[in-house]
Amino acid sequence: MLETIRYLIGSAGSSGFGSKSTAEEVTEASPDLRSITAIITGATSGIGAETARVLAMRGARLVIPARNLKAAQETKARINAEFPGSEVIVLLLDLSSFSSVRSFVARFLSLQLPLNLLINNAGKFSHNYALSEDGIEMTFATNYLGHFLLTKLLMEKMTETARITGIEGRIINVSSGIHAWFTGDGLRYLDLVTSKKIPYNGTRAYALSKLANVLHTKELVEKLEEMGANVTANCVHPGIVRTRLIRDREGFLTDLTFFLASKLLKTIPQAAATTCYVAASSALAGVTGKYFSDCNLASPSAAAGSWQEAAKLWSASEEMTAVKQMPELDKAT
């Protein structure tokens with residue numbers, strides 16, 4: 001009850017910020033970001049667009065991956081108009097496609113740019129059942145597996161950048177409090193849904209993908225430490241906000257629900273605050289493996305705290321994203 005009251009009134013936590021803080025406010029005292037190169041997925045609308053705008057305001061060079069290049073170019077134009085001289089690079093990326101992720105990474109690496117900051121923000125809520133081109137349930141493929149592969153392929157570049165520049169790298173996975181709605185064996189559920197052995201439920205699929213984001217963060221910390229990387233990994237819950245994420249669920253009931261819950265909703269600048277705080281705050285130097293909400297440390301669900309499940313998910317994710325080798329045909333003798 002106390003937490004709910006604090007949320008509604010925007011009471012500041014130990015960080016000095018709370019649920020009503022905006023992305024601009026939480027980065028006002030942050031270090032100059034002109035030496036930072038950031039990749040931000042899902043930056044063409046909503047929370048991701050505001051995250052990109054504010055980081056550009058603070059001087060960061062932005063790389064915006066997008067499936068819709070027209071929307072990404074429009075985002076770039078808005079940022080350049082507001083902050084002349086800002087550097088924004090647009091590259092093609094479809095997170096639901098493993099081949100697209102690999103192509104994006106190859107194109108990015110060919111630019112020979114440093115990489116200090118990776119914000120895995122893009123998210124999708126699909127009301128209808130669909131499979132990715134790799135045969136994975138679409139929500140899981142887009143929200144989690146695409147980001148898993150993207151991060152894995154960029155870990156070496158981030159480690160190298162941190163070593164050469166002496167600047168700590170940061171990886172931020174944007175999850176959701178909805179991750180707590182999923183209980184049970186996630187990989188088993190994914191298999192049953194993918195094979196249509198159980199009915200598809202959009203909310204449950206979304207919750208699983210967000211739980212996977214938290215578990216990914218947990219195991220990612222272990223992998224980075226094994227590499228000796230000066231790179232942190234943290235997870236954030238942006239809060240409840242009406243964005244294009246729910247465009248598949250527009251209608252009277254959705255409108256009514258959001259009207260009734262309007263007092264609990266954040267504005268987009270408020271929803272982007274936690275991501276920007278974790279990305280830019282000097283107070284979080286060396287802080288890794290944590291879950292943040294309203295710009296303060298928070299506790300994820302019990303399921304999200306399992307080291308065993310995190311390791312299990314990482315192993316399964318490596319298998320699912322591995323390049324499949326075509327069997328060789330027997331040659332006639």
Side-chain angles (χ1 to χ4, degrees), residues 1-4 6-7 11 13-15 17-19 21 26 41-42 47 51 118-125 139-140 142-148 151 170-190 203-225 231-241 245 264 266 270-279 281 283-284 286-317:
M1 183 63 178
L2 180 60
E3 288 299 314
T4 301
R6 288 183 61 184
Y7 175 85
S11 177
S14 60
S15 69
F17 304 110
S19 63
S21 300
V26 304
T41 68
I47 297 170
T51 299
L118 173 61
I119 301 178
N120 293 320
N121 166 82
K124 174 185 179 66
F125 184 108
T139 302
F140 193 81
T142 304
N143 296 0
Y144 167 65
L145 272 181
H147 283 128
F148 169 86
T151 303
R170 296 186 179 186
I171 299 171
I172 301 167
N173 287 332
V174 179
S175 181
S176 167
I178 292 175
H179 81 270
W181 295 9
F182 188 91
T183 57
D185 187 331
L187 292 173
R188 173 64 175 162
Y189 174 80
L190 179 66
T203 300
R204 190 159 167 77
Y206 181 76
L208 172 60
S209 73
K210 296 288 103 178
L211 173 59
N213 292 148
V214 187
L215 291 171
H216 174 219
T217 307
K218 198 171 189 67
E219 187 66 12
L220 179 58
V221 171
E222 295 293 303
K223 302 300 183 185
L224 290 168
E225 289 180 352
V231 179
T232 64
N234 290 291
C235 197
V236 304
H237 164 50
I240 308 170
V241 59
L245 176 68
L264 297 174
K266 287 185 175 185
Q270 290 169 348
T274 303
T275 300
C276 288
Y277 173 71
V278 177
S281 175
L284 298 182
V287 175
T288 191
K290 303 300 183 183
Y291 180 82
F292 290 84
S293 179
D294 300 331
C295 301
N296 287 276
L297 284 170
S299 298
S301 68
S306 171
W307 290 103
Q308 182 179 2
E309 288 302 313
K312 179 181 175 183
L313 177 63
W314 185 284
S315 178
S317 300

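Everything quoted here is computed from the prediction, not taken from an experiment. One is the number of the first residue; the rest follow in order along the sequence.
- For the side chain to side chain donor-acceptor pair (under 3.5 Å) test, residues two or more places apart in sequence or in another chain that qualify with Asn173 are Asn120, His216, Thr217.
- Summarising the geometry of Ala303 relative to Leu211, their closest heavy-atom pair is C-CD1, 4.2 Å, with the distance given to 0.1 Å.
- Considering all non-hydrogen atoms of both residues, Thr139 and Ala205 come closest at CG2-O, 4.0 Å.
- Listed here is the closest heavy atom pair of Ile178 and Ala207: O-CB, 3.4 Å.
- Distance alone, capped at 3.5 Å, is enough to place a donor-acceptor pair between the Asn143 side chain and the Lys124 backbone.
- Between the Lys266 side chain and the Pro238 main chain, a donor and an acceptor come within less than 3.5 Å of each other.
- Residues Arg170 and Asn234 have side chains not in contact (no heavy-atom distance under 4.5 Å, counting atoms from C-beta outward).
- Taken from NZ in Lys223 to CH2 in Trp314, the straight-line distance is 6.0 Å, to the nearest 0.5 Å.
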side-chain contact (heavy atoms from CB on, under 4.5 Å) between His147 and Ile171: does it pass, once the steps are laid out? CA-CA 11 Å; His147 283 128; Ile171 299 171; over 6 Å; no
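- Heavy-atom minimum distance, Ala273 versus Val26: O-CG2, 3.4 Å.
- Among the candidates Thr288, Val221, Leu224, the single residue satisfying the side-chain contact (heavy atoms from CB on, under 4.5 Å) test with Val231 is Leu224.
- In this structure, CG on Leu215 lies 10.5 Å from CH2 on Trp307, to the nearest 0.5 angstrom.
- Nearest heavy-atom pair, Tyr291 versus Ser299, reported as atom, atom and distance to 0.1 Å: CD2-C, 4.0 Å.
- Here Ser281 pairs with Tyr277, Ala283, Leu284 under the side chain to side chain contact (heavy atoms under 4.5 Å, CB included) rule; sequence neighbours left out.
- In terms of modelled atom types and a separation under 3.5 Å, the side chain of Ser21 and the main chain of Gly18 share a donor-acceptor contact.
- Listed by chain and residue number, His179 satisfy the side chain to side chain donor-acceptor pair (under 3.5 Å) test with Ser301 (two or more places apart in sequence, or in another chain).
- A distance of 12.5 Å separates CD in Gln308 from CG in Leu313, rounded to the nearest 0.5 Å.
- Checked against salt bridge (charged side-chain N to carboxylate O under 4.0 Å, His left out), Glu309 has no partners two or more places apart in sequence or in another chain.
- The CD1 atom of Ile172 sits 13.0 Å away from atom CG of Asn213, with the distance rounded to the nearest 0.5 Å.
- From Leu208, atom CG reaches atom OG1 of Thr203 across 12.5 Å, with rounding to the nearest 0.5 Å.
- Taking every heavy atom of both residues into account, Cys295 and Thr274 meet most closely at N-OG1, 3.1 Å.
- With sequence neighbours excluded, the residues that form a ring pair (Phe, Tyr, Trp, His ring centres under 6.0 Å) with Tyr189 are Phe182.
- By the ring pair (Phe, Tyr, Trp, His ring centres under 6.0 Å) test, His237 pairs with no residue at all, sequence neighbours left out.
- A 4.5 Å side-chain heavy-atom check between Leu145 and Ser317 finds at least one atom pair inside the cut-off.
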Going through the distances and angles, do Ile47 and Val174 end up as a side-chain contact (heavy atoms from CB on, under 4.5 Å)? CA-CA 10 Å; Ile47 297 170; Val174 179; 5.8 Å; no
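- Side-chain contact between Tyr206 and Ser176: present, with at least one pair of heavy atoms (C-beta onward) separated by less than 4.5 Å.
- With contacts defined as side-chain heavy-atom distances shorter than 4.5 Å, the pair Tyr144/Leu190 does not qualify.
- From Arg204, atom CZ reaches atom OG1 of Thr183 across 5.5 Å, with rounding to the nearest 0.5 Å.
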Let's go through Asn296 and Ser14 carefully: what are the C-alpha distance in whole Å and the side-chain angles of both, what is the deciding distance for side-chain contact (heavy atoms from CB on, under 4.5 Å) to 0.1 Å, and is it a yes or a no? CA-CA 7 Å; Asn296 287 276; Ser14 60; 3.5 Å; yes
